[in-house]
Amino acid sequence: MRRGAGGRRAEPEARFIDPEVLSRIQDLELLARTVVEGFIAGLHRSPFLGFSLDFAEHRPYMPGDDIRRIDWRLYARTDRFYVKEYEAETNAAFFLALDVSRSMDFGTTAVTKLDYARFLAASLAHLAGEQRDRVGIACFDDRIREHVPPTARHRRTVLHAVDRAGPGGAGALGAPLLRIAESLRRRGLVALVSDLYEEPEEVVRAVETLRAGGHDVIVFHILDPAELAFPYDEATRFEDLETGEEIPVVPGTARETYRERMEGHLEELARRMRDAGVDYVVMDTSRPLDEALFRFLSHRARRRTPGGGRVRGRR
Amino acid sequence: MNFLTPFFLAGLGALAVPLLVHLSQRARGEKTPFPSLMFLRRIPFRAERRRRIRHPLLFALRALAVCLLVFAFARPFLERAGPGAEGEGTRTERVVLLDRSYSMSYGDTWERARAAAREVADAMEAGDRASILLFSDRAEVVVDGTGDPALLRSAVDAAEPGVGTTRYDPAIRAAARLLAGSELPRREALLISDFQRTGRTGGLEARLPPGVELETADLSVEGPENTAVTELTLGREGTGPGARLSAAVRLSNTGVRPARGVEVTLEVNGRTAGSRRADLEPRSAATVAFPGLAFPSAPSRGVVRLGGDRLALDDAFHFTLAPRDPLGVLLLDGTGGRGGGTLYIRRALSIGERPAFRPEVSAGVPGAADDLGRTAAIVLHGSAYPGGGRARALREWLEGGGGLIVALGPGNDPSRWDAGADLLPGAAGPVVDRTDAGGGALAWLDYDHPVFELFRAPRSGDFSAARFYRYRSFSPDSTARVLARFDDGAPALVEGAAGKGRVLVWTSTLDRFWNDLALQPVFLPFVQRLVRYGAGYRETRRWWRAGDPLDVAAAVAEARRLAGSPGGGDPGAVEGEWVLAAPSGARRTVGVGGIDEDPALVRLEETGFHELRPAEGGEGPYAVAVNPDTEESDLTTMEVDELAARVTSPEGEARPAVAGGAGEGTRRRELWPWLLGLALVVLAVEAALGNRLSPARETGGRGGQRWRNARTGPARGRE
């Protein structure tokens with residue numbers, strides 16, 4: 001056991017995906033590679049079986065099947081003809097929808113939510129690229145600020161787009177996600193990285209436009225610890241980062257109510273996302289990125305299970 | 001309980017400030033950025049929660065500390081009033097110290113001073129009392145503790161600036177006496193002055209009694225301009241009708257700006273004798289010379305005038321002028337008038353202006369005392385005291401005020417004199433020969449005596465260098481005063497008296513025969529001082545300073561001498577009543593009782609020419625010139641606060657019980673030190689309690705840092 005950079009106990013690999021450590025890495029591509037490689041190294045001790053599993057199952061030989069696909073060793077043991085069936089490499093499209101609205105430019109830890117989202121987006125893009133996925137990205141606030149269509153050659157372009165992503169204006173999910181859904185011609189995996197400051201039904205409605213296009217959607221809900229705990233103590237005027245609206249708040253009085261409403265909001269989102277078949281992950285910016293990557297790979301693996309949108313082929 | 005500075009109680013209003021801030025719905029200026037207010041907006045904002053004080057004890061402590069500080073600054077005091085003081089409320093005893101030095105006549109300063117003093121009269125309330133104290137170098141109480149404002153106003157209106165210089169010490173001392181005797185609960189002093197720095201001259205030792213408040217009315221002017229005549233030196237060249245007068249006028253500019261083309265005029269007997277123009281740099285002095293003027297043949301009056309400025313009193317300098325004959329000195333050398341032995345004395349006396357000497361060498365004294373009338377001193381050098389009728393004439397002249405200087409050289413042994421030996425203050429003996437030892441030296445001089453006081457200061461004359469090879473031993477009698485001794489203890493110079501005259505015995509020679517003193521630099525001033533003292537010479541005083549005491553008898557005697565009157569120069573001859581008329585016309589009659597009476601002294605209160613004349617008879621008048629003390633011309637100011645701090649007593653002391661009957665009067669005890677101490681204690685408790693009650697520290701996120709109101713974009717690792 002080693003002590004991580006943040007002073008807490010962590011696995012050796014996990015310290016490479018600690019946000020506080022990542023905030024010191026200037027090169028985003030290096031950052032993504034560090035995260036992904038550290039993460040993959042950690043997988044060897046995990047129950048996850050890996051992402052390069054091509055063999056799927058055997059099935060009885062049927063007339064017309066290529067006799068070169070007969071598994072002769074199995075025939076020797078069973079005296080029956082079976083044909084090997086493999087998972088075809090999908091070259092699936094992976095698309096990042098990165099919220100760069102003004103509210104993302106907030107943080108009480110070493111990184112802001114936007115920084116954390118950028119680290120996450122870069123790591124996901126790198127991980128997807130390693131698997132030969134076609135990677136694209138759209139940065140948006142209330143409209144699309146930057147768009148990179150998903151291709152296999154655009155991984156570096158995507159990283160550049162992530163690198164350039166800075167805080168924009170007021171955010172909205174509906175219109176940008178609709179535009180993204182329209183722009184994606186092939187079905188794929190869409191990762192939405194946002195703080196989701198909208199009503200749950202509106203969020204889900206926006207996400208369902210993606211689902212309607214046949215895409216698998218995973219939502220990373222990025223929140224600062226202060227948004228969850230509301231630890232303020234001084235009575236001041238709170239200013240909405242996106243609208244500039246100000247209201248007087250006595251934190252000692254409002255804290256409990258705020259927390260209740262935030263928890264209710266998260267539960268409502270989780271429930272609605274689950275109902276909509278969307279994978280929903282709440283990411284606290286003080287937590288390492290490995291959970292996000294793990295959820296990504298899990299989700300990707302599920303896509304290959306029956307009914308999970310996998311694409312079969314033979315070879 | 002009363003308050004010395006009750007207006008500080010207005011500071012209690014400061015208590016409302018934190019309350020208003022707290023109760024108002026206005027949040028602090030600092031804003032807390034937050035990603036979205038969508039949850040906060042739904043929380044009903046309850047203003048009453050804000051209005052509720054979270055830590056009432058803390059708030060109470062803070063409010064108490066503010067209250068204590070405010071009350072401390074208001075300087076509350078408790079009075080334990082005796083039976084006679086009950087119900088006196090805030091009755092006030094005030095003393096107005098009004099500076100009437102002549103610098104207060106600068107521009108409109110005096111009018112402003114009067115206005116400030118009148119304000120005291122206008123502000124008087126029932127039961128109050130006030131005094132008016134005029135001061136310059138003396139303090140004079142013109143109104144003592146009256147409750148009548150009209151009386152105060154009339155006293156202020158009647159007051160005028162004087163000719164004195166500013167001195168704060170006597171004024172504060174007099175005010176302290178007035179206030180110390182007051183039984184009223186409040187006592188105040190108002191000092192109205194232009195606060196010249198010279199006012200501290202002579203020290204500032206007086207203090208106002210404890211509990212007395214001192215107010216000041218600063219009437220100093222910014223960038224004053226003032227030129228003054230500070231000194232006049234008169235010289236005389238030649239004697240008789242052809243004598244010439246030279247005058248050197250010393251001017252000063254005490255202002256902060258240069259004075260260009262200042263006209264300086266010298267008037268003698270009302271006529272302009274000369275006029276010059278002078279340029280004076282700021283804070284500098286210059287001399288203007290008037291050479292070659294005709295010396296008046298009779299006692300005269302002169303004035304030096306400057307072009308006018310805003311302080312006129314020091315722009316005129318008055319003086320008197322009178323022809324004075326040189327001192328006649330008869331040198332008897334026993335050589336038949338050839339004067340070989342008196343060469344050095346004659347040469348030494350032929351140089352000098354103040355006084356000028358007229359040495360004459362003679363073989364013998366005249367046969368009658370009247371013939372010695374123009375002789376002030378006789379020097380017997382190598383010549384014996386004459387005998388016969390000349391001896392009587394010389395004794396008569398000597399006892400009438402003449403001066404006899406006897407040098408006991410060779411051929412002048414008093415034991416062989418036919419007469420006059422009894423006039424000497426002792427008995428002469430044999431000659432002491434010191435040639436074997438290389439000569440003796442003067443070892444002791446009476447520097448307190450007028451003959452030697454000139455040489456008192458270091459490096460102002462070395463008598464020890466002179467070698468004395470012979471001198472005559474001399475045994476002084478009981479009336480003699482030895483003024484100098486040789487290194488063997490033998491007297492060198494002995495003084496005695498003969499009637500009104502003086503006898504000085506020098507036991508060696510005043511040439512090179514028995515010593516080499518005549519070759520030393522000190523010889524010339526020594527001989528001049530010796531003859532001057534022997535002749536009873538006194539400097540003629542040409543002017544006095546305002547405030548000086550005038551010895552009427554001495555002034556009349558000197559004036560008579562200058563006028564050539566019989567018996568002139570003898571104050572004892574002045575008797576009867578004399579009238580001193582001031583320039584303003586004020587007259588004072590002074591009785592002069594003769595030489596055995598105490599001198600009749602009159603303080604000179606005005607500048608200009610005073611006149612002395614007998615109350616009866618047609619003698620005189622004799623002029624007395626009076627000028628202001630030019631120290632007052634320097635209008636440089638002092639720090640008023642510094643003066644106030646020096647003359648006020650430390651606060652917080654119990655006021656001593658005042659006279660007025662046993663158990664009566666008041667005793668004041670100031671409470672502010674206690675309040676201040678209590679405020680400090682309360683603040684300390686508040687600090688401790690505040691630390692304990694400060695918002696709990698919450699840790700969260702990474703590294704356990706304390707939560708604070710967040711800001712956007714903190715410590716971005718990537719830019």
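Quick caveat, the model's predicted, so the values are computed rather than measured. In what follows, chains carry the letters A, B, and so on, assigned in the order in which the sequence lines appear, proteins first and then strands, with residues in each chain numbered from 1.
- Closest heavy-atom contact between B:P33 and A:F106: O-CE1, 3.5 Å.
- In this structure, the separation between CG on B:L37 and CZ on A:F238 is 8.5 Å, given to the nearest 0.5 Å.
- The closest side-chain heavy-atom distance from B:M38 to A:R261 is not below 4.5 Å.
- Distance check, rounded to the nearest 0.5 Å: CZ of A:R255 to CG of B:L40 gives 11.5 Å.
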**Request:** Could you go through the side chain to side chain contact (heavy atoms under 4.5 Å, CB included) check for A:L241 and B:F34 one step at a time?
**Result:** CA-CA 6 Å; A:L241 279 177; B:F34 202 67; 5.9 Å; no

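- In the displayed structure, A:E201 atom CD is contacted under 6.0 Å by more than 12 heavy atoms of other residues, nucleotides or ligands.
- By the 6.0 Å contact criterion, CZ on A:R271 is enclosed, its count of non-hydrogen atoms from other residues, nucleotides or ligands being greater than 12.
- Only the backbone of A:E198 comes within contact range of chain B, with at least one heavy atom under 4.5 Å from a heavy atom of that chain.
- The distance from the CZ atom of A:R237 to the NZ atom of B:K31 is 8.5 Å, given to the nearest 0.5 Å.
- Annotation: side chain of A:F230 is not in contact with side chain of B:F39 (no heavy-atom distance under 4.5 Å).
- Remark: side-chain polar atoms of A:D240 are not paired, donor with acceptor, to backbone N or O of B:S36 under 3.5 angstrom.
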